[in-house]
Amino acid sequence: MAAPWLWLLPLYTGIAAAAVPPPPDAEVTFVLPAGRRECFYQSAPANASLEAEYQVIGGAGLDVDFSLESPSGRLLVSESRRSDGVHTVEPTEPGDYRLCFDNSFSTISEKLVFFELIFDSAQEEEEEEEEEEEGDAWVEAAEPEDTLDIKIEDIKESIETMRGRLERSIQMQALLRAFEARDRNLQESNLGRVTFWSAFNVGLLLLVAFLQVYTLKSLFEDRRPLRT
């Protein structure tokens, strides 16, 4: 039975699709129970870029089934028994994209899943280009270009480059945290198994030693009747 659908962000109603601002990037970590299916909805504007990345960071097998559907109901991605994946939708349709994670093939083990949604809006790029053009016009009107040792547009370009690298760094750190969590869960699971079987083998050795001592003692015990 499918689990209730969860909404990542509220829907924008009563606004034209072109006027909808791009939603912020989202990072979600959740527990997917055994035999369950969880679906998430994410609203998206038109003509943007959506990147969806997921990692299974806990649970036996480290795998789930993943699917991604467009607002029109078209199946964009369908994967089975995968531990991770990266998918890009460009350009996006206006509406709600559905991301589903299915663990119905597992009857015992729950899974810990991390996924991230990254948006890149074409509208924002156009606005940034318009602002740069306005800034260039203002610079030309305010000061002659040859009187500036360091051009304002060079400073703006450096700031934009730094901002882009910082955003990418944040995304990479989130992915590294997901990898670290998956490796840590795997190591803890292996440590638990090793500890259990080591204790079991030690107990078995002690039991065999006790049985051997008892058997030898019973074999050499003097069972002759007493003489009167």
Side-chain angles (χ1 to χ4, degrees), residues 1-9 23-42 50-69 75-89 97-119 165-217:
M1 181 178 63
W5 290 337
L6 305 178
W7 293 82
L8 292 178
L9 295 173
D25 298 342
E27 298 178 6
V28 179
T29 303
F30 69 99
V31 176
L32 182 59
R36 297 285 296 275
R37 184 172 185 258
E38 295 281 358
C39 291
F40 297 83
Y41 278 86
Q42 172 63 67
L50 169 62
E51 180 178 333
E53 182 164 356
Y54 69 93
Q55 293 271 348
V56 183
I57 59 178
L62 297 176
D63 55 354
V64 293
D65 295 343
F66 173 76
S67 63
L68 175 62
E69 294 183 11
L75 183 62
L76 302 177
V77 179
S78 179
E79 297 179 332
S80 299
R81 309 293 292 270
R82 292 288 301 273
S83 60
D84 57 75
V86 181
H87 304 283
T88 302
V89 180
Y97 282 82
R98 185 171 72 168
L99 301 90
C100 293
F101 300 89
D102 194 349
N103 192 31
S104 58
F105 59 85
S106 177
T107 58
I108 300 176
S109 176
E110 63 182 16
K111 307 295 173 62
L112 184 62
V113 182
F114 164 83
F115 71 91
E116 181 181 21
L117 300 177
I118 303 172
F119 278 93
R165 291 178 178 177
L166 287 175
E167 291 179 352
R168 187 58 181 170
S169 176
I170 293 173
Q171 297 169 7
M172 292 301 298
Q173 288 177 0
L175 293 178
L176 291 175
R177 286 197 301 269
F179 280 116
E180 187 271 337
R182 183 178 67 178
D183 295 339
R184 184 178 65 252
N185 291 334
L186 183 60
Q187 291 176 356
E188 291 176 353
S189 177
N190 292 336
L191 177 62
R193 293 179 181 177
V194 171
T195 302
F196 171 78
W197 286 110
S198 298
F200 177 80
N201 289 330
V202 170
L204 186 61
L205 288 174
L206 293 176
L207 178 61
V208 170
F210 174 77
L211 292 176
Q212 287 178 344
V213 171
Y214 179 79
T215 302
L216 291 175
K217 183 178 179 181

- Query: How would you list, by chain and number, every residue that makes a side-chain hydrogen bond (donor to acceptor under 3.5 Å, both in side chains) with Ser104, sequence neighbours excluded?
  - Reply: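 For Ser104 the side-chain hydrogen bond (donor to acceptor under 3.5 Å, both in side chains) partners, ignoring immediate neighbours, are Asp102.
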
- Message: If the condition is side-chain hydrogen bond (donor to acceptor under 3.5 Å, both in side chains), which residues does Glu116 pass it with, not counting sequence neighbours?
- Response: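 Expected list: none.
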
Gap between atom [atom2] of [Y] and atom [atom1] of [X] - 0.5 Å precision:
| X | Y | atom1 | atom2 | result |
| --- | --- | --- | --- | --- |
| Lys111 | Leu32 | NZ | CG | 7.5 Å |
| Ser67 | Leu76 | OG | CG | 10.0 Å |
| Leu62 | Ile57 | CG | CD1 | 9.5 Å |

So do the side chains of [X] and [Y] get within less than 4.5 Å of each other, counting heavy atoms only?
| X | Y | answer |
| --- | --- | --- |
| Phe119 | Gln42 | yes |
| Tyr97 | Leu117 | no |
| Val56 | Asp84 | no |
| Leu75 | Ser78 | yes |

Do you know which two heavy atoms are closest between [X] and [Y], and how far apart they sit?
| X | Y | value |
| --- | --- | --- |
| Asn103 | Pro33 | ND2-O, 3.2 Å |
| Ser109 | Ala60 | OG-N, 2.9 Å |
| Phe114 | Glu27 | CE1-CB, 4.1 Å |
| Leu68 | Val89 | CD2-CG2, 3.8 Å |

- Message: Please enumerate all residues that pass salt bridge (Lys or Arg N to Asp or Glu O under 4.0 Å) together with Glu53, with sequence neighbours excluded.
- Response: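 Counting only residues at least two positions away or on another chain, Glu53 forms no salt bridge (Lys or Arg N to Asp or Glu O under 4.0 Å).
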
- Query: Excluding sequence neighbours, so at least two apart, what forms salt bridge (Lys or Arg N to Asp or Glu O under 4.0 Å) with Glu79?
  - Reply: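 Glu79 satisfies salt bridge (Lys or Arg N to Asp or Glu O under 4.0 Å) with Arg82 once adjacent residues are dropped.
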
- Task: Give the intermediate values and the outcome of side-chain contact (heavy atoms from CB on, under 4.5 Å) for residues Val64 and Val113.
- Result: CA-CA 9 Å; Val64 293; Val113 182; 4.2 Å; yes

- Message: Looking at Phe40, I'd like to know if the NZ or CZ of Arg98 sits under 6.0 Å from its six-membered ring centre while staying within 45 degrees of the ring's axis.
- Response: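 That pair does not qualify as a cation-pi contact.
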
- Qualifying residues under ring-ring contact (aromatic ring centres under 6.0 Å, His included), relative to Phe101, sequence neighbours excluded: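 Phe101 satisfies ring-ring contact (aromatic ring centres under 6.0 Å, His included) with Phe30, Tyr54, Phe66, Phe115 once adjacent residues are dropped.
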
- Message: Please determine whether a side-chain nitrogen of the Lys or Arg among Arg37 and Asp65 lies less than 4.0 Å from a carboxylate oxygen of the Asp or Glu.
- Response: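 No, this pair does not count.
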
Side-chain donor/acceptor pairs under 3.5 Å, residues 206-215, sequence neighbours excluded:
from	atom 1	to	atom 2	distance (Å)
Thr215	OG1	Leu211	O	2.7

- Task: Return the orientation label for the Phe200 and Trp197 ring planes: parallel under 30°, perpendicular over 60°, tilted otherwise.
- Result: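 The rings of Phe200 and Trp197 stand perpendicular, inter-plane angle above 60°.
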
